[in-house]
Amino acid sequence: MLPPRFGLIDGNNFYVSCERVFDPSLRGVPTVVLGNGDGCCISLCPLAKGLGLKIGTPIFQVPDAIRKKIQVRSANFALYGDLSARIVSVLSDLFPRVEVYSIDENFVDVEGLKDPFATCLEARERILRWVGIPCCAGIGATRTLAKAGNKMAKDRSKRAANAGALAVFHATPQNIDALAVEDVWGVGRRFTARLNAEGVKSAADLAALPADHVRARYGVVLARTQTELRGVPCGDLELEEPNRKQLVISRTFGRDVLDPMDALTTFTTVACEKLRSRGLAAGALWVWLDGNPFKGDTFHASRAVPFPFPTRDTAEVLRAVRFLAKSIQDQASRSGRSVPFKRGGVGLTDLVRAEDRQADLFFGPDEKAERAMAVLDKINAKWGRGTVGVGSVGWRVGGARPGEKRVGRRDAQWRPTLKALSPSYTTKWSDLLRVR
DNA sequence: TCTGGGGTCCTAGGACCC
DNA sequence: TCTGGGGTCCTAGGACCC
């Protein structure tokens, strides 16, 4: 049997589990977490899934009878991010190398551990005790097998009473026939349909297909997945955070919006803050606006423009955004459009590390703007996002908390209100729990 | 008359991930 | 009334160059 080299440890129903850490009244009750503007379910506990709810279900489509049985929370990413970091710190004590794969998943290096299985069980115990999040783990000779093992552990422990002991699974090329092919990492909806059509139902079926057939019919990406299912690694842990190539902020508006400029300038402000906090500068920009496809309005228009020199100056990007947005609105009205927009976004692309920018005779960084942005970031870091801004853009990009004062020049009708946002228990002094 | 072939860059679209 | 958001990689085809 192939010795395991990789482990994958992830939090069960992560967002819901995070909400339950600080709100015990949710335990044992069907709970869902909603995405932007309290629109769709983005995390559900098994009890909620048992009521027929799925990830992506719009909450307004849920019948009242079921609505009454469930508890609902607005997504609170500050809380989830903080608990996620605590999990990483627990794992770093137990494993020589940890790859932070997503907010709720971490790959670990188990090669050379005396008993990888036992170490994963120990990790699960510690995370449950110290952070409060229940986890499952898979181990395997490749990252794809570790992922498969994780999924199988989850399925298995769901059905069992002694969930703890079953929460770790060692996947090998020989024991993955119980895993449906659509649950393999790298097999999405489209590939599932095509694979099923040729009789491939399980992970083991996929591993057994002729390799050149997979390569020719499905491409190199799935061919690598297949190789990994057979126990041959095609990649190692990625410990370095890769440099992002683009940074996108987009939202479905809380309601239909005729003038999207306020939304777009807010997205721009947030995007530029993120850009600077990561030490990056943008070589180009794109802006887009969509109609409401749920009302049969398929309007979509986008515009892009390069910067003469990679920038991280909010004011410069704002000027470009306004110009592009205006151009899209002109196009919309020229085509006789009087319908509102429902979605929009701002993307910063061709990102480079700010210190790698090469000034030449004609173009270089605007030193004055760079200093101004540095001061602005410092003030906002100390007093909170939106304390100072360029022009009168001062919105948080997320939704408003109930009763929160709205400031700003325009009516920010695009911004949805969050009705069920939990406190930021671990990242805001004012939201700390009190023990009497 | 003879209508090549390989390289690069860009873009759009498709597939996937959480 | 209310319909998630932020990413990556690969491929095919066109333009252009020598």
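Order of the sequence lines sets the chain letters (A, B, ...), proteins ahead of strands, with each chain counted from 1. Keep in mind it's a predicted model, so treat the numbers as computed, not measured.
- Remark: A:Arg224 is not in phosphate contact with C:dC9, judged by side-chain N or O atoms under 4.0 Å from OP1 or OP2.
- B:dT3 and C:dC18 are spaced 23 Å apart, taking the P atom of each and rounding to whole Å.
- For C:dG6, neither phosphate oxygen OP1 nor OP2 lies less than 4.0 angstrom from any side-chain nitrogen or oxygen of A:Lys274.
- Classification of the A:Phe107-A:Tyr101 ring pair by plane angle, with boundaries at 30° and 60°, yields perpendicular.
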- request: Start with the C-alpha gap between A:His170 and A:Met152, add the side-chain angles, then the distance that decides, and say whether side chain to side chain contact (heavy atoms under 4.5 Å, CB included) holds.
  value: CA-CA 9 Å; A:His170 179 184; A:Met152 294 174 84; over 6 Å; no

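- A donor and an acceptor atom, one from each side chain of A:Ser17 and A:Asn12, are nowhere located under 3.5 Å apart.
- Between A:Ser250 and C:dG4 there is no side-chain N or O to OP1 or OP2 distance below 4.0 Å.
- Using a 4.0 Å heavy-atom criterion, one finds that A:Asn292 contacts no nucleic acid atom at all.
- When the side-chain nitrogen and oxygen atoms of A:Lys342 are compared with OP1 and OP2 of C:dT3, one or more of them lie within a distance under 4.0 Å.
- Aromatic ring centroids of A:Phe253 and A:Phe341 lie 6.0 Å or more apart.
- Phosphate proximity of C:dG5 to A:Arg343: present, with a side-chain N or O under 4.0 Å from OP1 or OP2.
- Put simply, A:Arg251 has a side-chain N or O that comes within less than 4.0 Å of OP1 or OP2 on C:dG6.
- As rounded to whole Å, 9 Å separates atom C1' of C:dT8 from atom CZ of A:Arg244.
- Between A:Glu228 atom CD and B:dC17 atom C1' the separation is 14 Å, expressed in whole Å.
- At a threshold of 4.0 angstrom between heavy atoms, the contacts of A:Ile59 with the nucleic acid are absent.
- Dashed line: the shortest gap from a side-chain N or O of A:Arg190 to OP1 or OP2 of B:dA15 is under 4.0 Å.
- Across all strands shown, A:Gly219 has no heavy atoms under 4.0 Å from either base or sugar-phosphate atoms.
- For A:Thr252, the listed nucleotide lying nearest its side chain is C:dG5; candidates were C:dG5, B:dC16, C:dT8.
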